[in-house]
> 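I have a structure here, written as structure tokens, and I will follow up with some questions on it.
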Amino acid sequence: MASSSSSSKSSLAMIMKVAALVALVLVATDVDGQSCNRHLSGLNVCGEFVVPGADKTNPSAECCSALEAVPSECLCNTMRIASRLPTRCSIPTLSCS
């Protein structure tokens with residue numbers, strides 16, 4: 001039973017991290033002075049495919065269309081911002097392999 005509780009806490013922590021990154025994505029700006037918000041908020045339809053433990057592993061056509069609509073510079077800037085957050089929050093940097 002303790003394993004299940006630990007697993008639930010771990011899953012909740014990961015979901016909270018994903019939610020924080022989604023929040024960051026929603027406020028990111030900088031593509032030629034324009035906001036990325038509209039494009040990035042469209043990625044909400046992809047949420048069910050990126051949450052750890054998700055049942056669905058293949059994104060829907062709607063998710064793929066939303067991703068295709070986001071300018072690459074907008075995605076890159078958002079990822080750069082997200083990668084700097086742990087250091088700025090004085091927490092260990094993420095190591096994703």
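Everything numeric in this text was worked out from a predicted model, so none of it was measured.
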> Is any side-chain heavy atom of L75 closer than 4.5 Å to one of L67?
yes
> Compare every heavy atom of F49 with every heavy atom of C63, then report the nearest pair and how far apart it is.
CB-CE1, 4.1 Å
> Measure from the side-chain N and O atoms of H39 to the backbone N and O of P71, and report whether any donor-acceptor pair falls under 3.5 Å.
no
> Under 4.5 Å between any side-chain heavy atoms of C46 and P59, yes or no?
no
> Say whether, by atom type as modelled, one donor and one acceptor occur between the side chain of N44 and the main chain of S41 under 3.5 angstrom.
yes
> CD/E73 to CZ/R80 distance, rounded to the nearest 0.5 angstrom?
5.5 Å
> Between the side chain of S65 and the main-chain N/O of E62, is any donor-acceptor distance below 3.5 Å?
no
> To the nearest 0.5 Å, what is the distance between CD1 (I81) and SG (C76)?
11.5 Å
> Show the nearest heavy-atom pair for residues T93 and P86, with the distance to one decimal.
CA-CB, 3.9 Å
> What is the distance from atom CZ of R38 to atom SG of C74, rounded to the nearest 0.5 Å?
10.0 Å
